[in-house]
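Handing you a structure now.
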Protein chains: 2
Amino acid sequence: MAHPNLPKDEVVERLTRVFRREGYEGASLARLSEATGLGRSSLYHHFPRGKEDMAEAVLAASRDRIARLVLVPLAADGTVRERFVAMARGFGEFYGNGNQACLTELFGIGTPGKQFIPVLTIGIARMKQAIGDVLVEAGFDDALAQRRAEDALIAIHGALVLSRAGGSTALFQRVLEELPDRLLS
Amino acid sequence: MAHPNLPKDEVVERLTRVFRREGYEGASLARLSEATGLGRSSLYHHFPRGKEDMAEAVLAASRDRIARLVLVPLAADGTVRERFVAMARGFGEFYGNGNQACLTELFGIGTPGKQFIPVLTIGIARMKQAIGDVLVEAGFDDALAQRRAEDALIAIHGALVLSRAGGSTALFQRVLEELPDRLLS
DNA sequence: GTCTATAAGCAGATAGAC
DNA sequence: GTCTATCTGCTTATAGAC
């Protein structure tokens, strides 16, 4: 319905919303078509290999968004604590304050999910590295820095799962608030 | 193929394996049929409402298994630390040392997942309560006990997600090993 | 309690007009 | 770059024989 030449970024954003709500297998072409306002064939024009290509575009956009919301703030000016606070805010925005699921979680599931694992692995490693670098700068030795960075990512993703399953995002919010202290204690 | 009157427990166990590997939407009747050795119609004989009934049976069996592997050890005799160590071992077995996904994670996804949220919520609350009770017994005040119990569950589930996405279960194993110390420190 | 056969619908994907 | 129409295969689900 309507062909307003929606910019590709906006198309990918709408696809992302569906994938995050329904998961990879649950995101049917019907739903993706409806969310973008593009017919099936239009989607195939933009994404020749279909759902697979859409998922890859969504992952690439999410990688960029994580860079902007999390990695850039971590590498910015300011005290170490200020940067961790900014990072926590970034994670909060990226995950819709606990209401939006994580592609790491959704895209790793089942037979079709296997193909996405390498991309997800790289994304996680990048975040871990960025957090670890700041901790090293704060004076922690390398091993401890890596472990704490890992623990921070574990806490964020665990809180996300339990928030959804528990029906409340309070848990996720708490984890984010405590994150700077937990990293620096 | 073959009709050896497989005991229902064994059928549910095999269904569980498929659901945990493929997720709710990915677990097609074809795969469930193959895994159990029962034809489609036999499955409908045992589970009249189809996949939905199978998922409920799988959730009930998992609840029982968590009770046996985690809740019973937490309420057993022995020092507080010994019970937490036993609990960690129980979680390790339940999650196949990090190789088996969590139904909490898989069944909460997408449109069909909504109906399972209440059951998942109860399951999480029960585990949190059981851990919190032991911490109170160990002398922690109620609020701190609840928070630490929550943190433990967050760590376990977060580690599970990151282990799968990161391609290694080392992370999950580490979290389990550190769990007793983290709860009691 | 299991099977074979089949229905009805939706999945992903393509052809070709405009 | 979008559309309508269509294809094939797989999905859940049911009917009825044994």
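Below, read A as the first sequence line, B as the second, and so on, with proteins coming before strands; counting in each chain starts at 1. Hydrogens, waters and symmetry mates play no part in the numbers below; they use all other heavy atoms, side chains included. Note that this is a predicted model, so its numbers are computed, not measured.
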(message) Whether B/Ser42 contacts C/dC3 is assessed here as follows: a side-chain N or O lying under 4.0 Å from the phosphate OP1 or OP2. Is that the case?
(response) yes

(message) Nearest whole Å is fine: how far is D/dT2 P from A/Phe47 CZ?
(response) 11 Å

(message) Could you work out, with salt bridge (Lys or Arg N to Asp or Glu O under 4.0 Å) as the rule, every residue matching A/Glu82, not counting sequence neighbours?
(response) none

(request) Only counting residues at least two apart or in another chain, list the ones meeting ring-ring contact (aromatic ring centres under 6.0 Å, His included) with A/Phe172. (result) none

(request) Provide, to the nearest angstrom, the distance between the CD atom belonging to B/Glu34 and the C1' atom belonging to D/dC10. (result) 15 Å

(request) Find the distance A/His46:NE2 to C/dG12:C1' and express it as a whole number of Å. (result) 18 Å

(message) Output one letter per nucleotide in nucleotides 11-18 of chain D: B when a protein non-hydrogen atom lies under 4.0 Å from the base, S when only the sugar-phosphate is that close, - when neither is.
(response) SBBBB---

(request) State whether A/Phe47 and A/Lys8 meet the cation-pi test: NZ (Lys) or CZ (Arg) under 6.0 Å from the six-membered ring centroid, and within 45° of the perpendicular axis. (result) yes

(request) Identify whether NZ of Lys or CZ of Arg in A/Arg164 sits under 6.0 Å from the centre of the six-membered ring of A/Tyr95 and within 45° of that ring's axis. (result) no

(request) Return yes if a side-chain donor-acceptor contact under 3.5 Å exists between A/Asp133 and A/Gln129, otherwise no. (result) yes

(request) State the CZ-CD distance between B/Arg20 and B/Glu105, to the nearest 0.5 angstrom. (result) 10.0 Å

(message) Below the 4.0 Å mark, does C/dT14 have OP1 or OP2 next to a side-chain nitrogen or oxygen of A/His45?
(response) no

